[in-house]
Amino acid sequence: MDLLLNLATEAKVNEKIGKMFAGERINETENRAVLHVALRAPKDEVITCDGQNVVPAVHEVLDKIKAFSEKVRSGKWVGATGKPLTDVVCIGIGGSFLGPLFVHTALQTEPKCAEAAGKRQLRFLSNVDPIDVALALDGLEPETTLVVIVSKTFTTAETMLNARTVRSWIIAALGKDAVAKHMVAVSTNLKLVSEFGIDTANVFAFWDWVGGRFSVCSAVGVVPLALQYGFENVEEFLQGAWDVDKHFRDASLESNIPVLLGLIGVWNATFLGYPSRAILPYCQSLSKLAPHIQQVSMESNGKGVTIEGLPTPYPTGQIDFGEPGTNGQHSFYQLIHQGRVIPCDFIGIIKSQHSVYLKGEMVSNHDELMCNFFAQADALAYGKTKEQLLSEGVPEALVSHKTFTGNRPSLSILLPTLTPYTVGQLLAMYEHQVAVQGFVWGINSFDQWGVELGKVLALKVRKEVSLSRNKGTKVTAFNYSTNFLLNQYLKEKEEVMKTFD
Ligand SMILES: O=P(O)(O)OC[C@H]1O[C@](O)(CO)[C@@H](O)[C@@H]1O
C-alpha cells in the first residue's frame, strides 16, 4: 500500500480530486467539468462551474421533481381520461437506464420503499428491440401510464425510436392531446425535447457537466425513483452518495476508501496484469449493480490513449462482470477458483431486507447466504494444497485436479443494511474508485469517443436497407461479408415486411 500511495501522490490524485470538486474542465476532450457530486450536494453547499454556484439550480430541479412526483403519486395529476397515472415507463439507454434500474432493483424489496411504492409499477424500456417494447408495455393501459423519456442528448437513436413508438401507443388509444398529460422528459437538450412535442414545463433538466454514466443522481434517476418510492426515499439515497463524496473530497489518501479501492484496482489490472474484475453481491437486490458498474467503469477507463493523446504505456481499464451470490458459485466460479485469476468484489449485507428462519434449521436463510460470502474470499486467498489433499486421502490421480492455487485477490465490502442511504454510498464509492483509477492511469475517464463509429456505421446500414427496399436493389455498399449477410437478411425478411403494409 505504501508504494501505491506514493504512486497516488506522484499521479497527483489529491490535486485531481480537488480540480473535479472545483468544477475545472477535467474532461478535456469535451471541454467539460465533471460535477455529478453537485447533484447530491445539500442546499447550503457551494460548488462552482465557471464561477457560478450550480447547487441552487440543482435544487430548483429537485424541488420541481418533488412537486411533480407528489402530484402524480397523490392522483392530483391525472391522465387524458381523468384517471391517476399509477404505472411509469422509463425510456432510456446506457447511463439513462442502467443507474436507475440498479437503484430501483435495490429498493423494490426494501420494506419502507416497497410500502411507498404500493401497487405502482416502474418499467424500463431501453433496447430498440421490439421485444423490449412488448415487455415494457405488457399489461399496461395507456390511460393509467406515464412515460418518462430520458436522454441527455435527446438524439440517441434507440431512445428516440422507442419514444416515438410509445407516443403512437398513447395517441392511438387517447388522441394527440394526451401526450401533454402522459409524456414528460429528462434531458439537457430542451430544444429537441420541445420539438418532440413535450411541453417544457414537463421537462426535467440536467447539465453537460453530468456524464451519462454518472447521471443517476440527476433527474435521470430522481424522476422515476421519486415517482415510484416518493421523494423522501430518494433524498436519503442522495444523502448516502453525498456523505461518500465528502469523505472522498476531504479524507487523506491513506484513509480514503474510494482512493484505496481505486489503487487496488490499478494494482490488480496494471501491476498484476489481471484484466477482469468480478462484482459479486451476496444480495439478490443488487443484481443490477454489475451491469451499471460495467458502464461506469468500462466506458470510463476502456481507453487506449492518455489524456495527452499518447498510447497508454500500460494496460488500463478492467473487464467487469458479475452475478449475485450464491448463483455465480454454480456458474462461473469454477474458472475463478482454478482457471484464470479474476479479482473479485464480494458485497455482503448484515441485515437483509427480508428475513426467513425455518424451525430446526442451523442458521437463517440469510446466514446461509452470508456463510458463502465469508467462505469464498478465504477459498480464493488460501486455496487447498497438494499436501492437504493427500492428507485427506485424495487419490494421487485426482490431486492436481482438486488443488486450489489460492493467492487470488478479493475485496469484501460489508454494508449494515441495504437502504436508499447505503445504496447511495455504494454507488458513489464505485463512481469515485473509477475516477481514481483514471487519475492514476493519466487517461480521460469522462469521455466516450469509442461508442461513435458503430453508431455512424449503423446509420449507413439503415440508409442502405431503406434504399434497397425502395429500389428493390441488392446492397453493395459494404465489404463482401456484410453485403452477403445483409442481402440474405433482407431477402428472408421480405415476408415480415409485407405484414407491415
Ligand atoms: O442519455 P443519452 O444521450 O440518450 O445517451 C445514452 C448513452 O449513450 C452513450 O452515449 C453511449 O452510446 C452513453 O454514454 C450514454 O449514457
Side-chain angles (χ1 to χ4, degrees), residues 26-27 29-36 39 61 89-104 124-129 132-133 136 147-167 183-196 198 203-225 288-303 317 320 427 430-431 434-435 438 443-462:
I26 61 171
N27 176 0
T29 61
E30 294 184 299
N31 190 26
R32 290 176 179 167
V34 176
L35 280 178
H36 42 278
L39 299 170
V61 173
V89 174
C90 234
I91 304 175
I93 200 164
S96 296
F97 157 64
L98 291 165
L101 178 67
F102 150 56
V103 180
H104 168 56
F124 292 92
L125 169 52
S126 58
N127 199 337
V128 73
D129 185 333
D132 210 18
V133 175
V147 179
V148 185
I149 308 169
V150 185
S151 176
K152 178 178 177 180
T153 57
F154 229 68
T155 61
T156 302
E158 299 96 325
T159 300
M160 299 328 293
L161 179 51
N162 279 335
R164 292 192 294 274
T165 305
V166 176
R167 180 178 60 186
M183 299 190 91
V184 300
V186 173
S187 184
T188 61
N189 195 327
L190 306 188
K191 178 172 169 299
L192 288 182
V193 171
S194 147
E195 283 169 15
F196 183 89
I198 292 190
V203 183
F204 302 91
F206 65 111
W207 306 270
D208 74 357
W209 39 261
V210 180
R213 55 188 173 274
F214 298 97
S215 66
V216 61
C217 293
S218 75
V220 165
V222 177
V223 169
L225 296 167
K288 295 301 178 187
L289 173 67
H292 178 48
I293 302 307
Q294 268 183 336
Q295 186 196 11
V296 173
S297 167
M298 296 164 75
E299 200 175 72
S300 294
N301 294 336
K303 307 289 165 58
D320 289 309
L427 170 82
Y430 271 96
E431 287 178 340
V434 165
I443 59 178
N444 180 355
S445 298
F446 305 106
D447 62 12
Q448 57 285 319
W449 301 108
V451 301
E452 298 308 329
L453 178 58
K455 292 181 186 178
V456 171
L457 290 185
L459 290 182
K460 187 178 173 200
V461 175
R462 187 201 295 162

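As the structure lists them, so they are numbered: ligands from 1, and atoms in each ligand from 1.
- Centroid-to-centroid, the aromatic rings of F124 and H104 come within less than 6.0 Å.
- Taking every non-hydrogen atom of Q295 and a distance limit under 4.0 Å, the qualifying atoms of ligand 1 come out as 13 (C), 14 (O), 15 (C), 16 (O).
- Side-chain atoms of N444 and T29 include a donor-acceptor pair closer than 3.5 Å.
- Here the closest non-hydrogen pair linking G221 and P100 is CA-CG, 3.9 Å.
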**OP:** Check the pair D447, R32 against salt bridge (charged side-chain N to carboxylate O under 4.0 Å, His left out), reporting the backbone distance first and the verdict last.
**Re:** CA-CA 9 Å; D447 62 12; R32 290 176 179 167; over 6 Å; no
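- Close approach to G95 involves these atoms of ligand 1, each under 4.0 Å from a residue heavy atom: 15 (C), 16 (O).
- Here the side chain of T188 pairs no donor or acceptor atom with the backbone of D208 at under 3.5 angstrom.
- Of all the listed residues (T188, T155, V186, I93), I93 holds the heavy atom that lies closest to atom 6 (C) of ligand 1.
- Looking at atom 1 (O) of ligand 1, its nearest protein heavy atom turns out to be S96 OG, 2.6 Å.
- Compare K455, R213, M160, E158 by their heavy atoms: the one nearest to atom 10 (O) of ligand 1 is in K455.
- For the residue pair D320 / S297, a side-chain donor-acceptor distance below 3.5 Å is found, with atom types taken as modelled.
- For atom 5 (O) of ligand 1, the nearest non-hydrogen atom from the set T153, L98, T156 belongs to T156.
- Closest to atom 11 (C) of ligand 1, if we only count protein heavy atoms, is E299 OE2, 3.5 Å.
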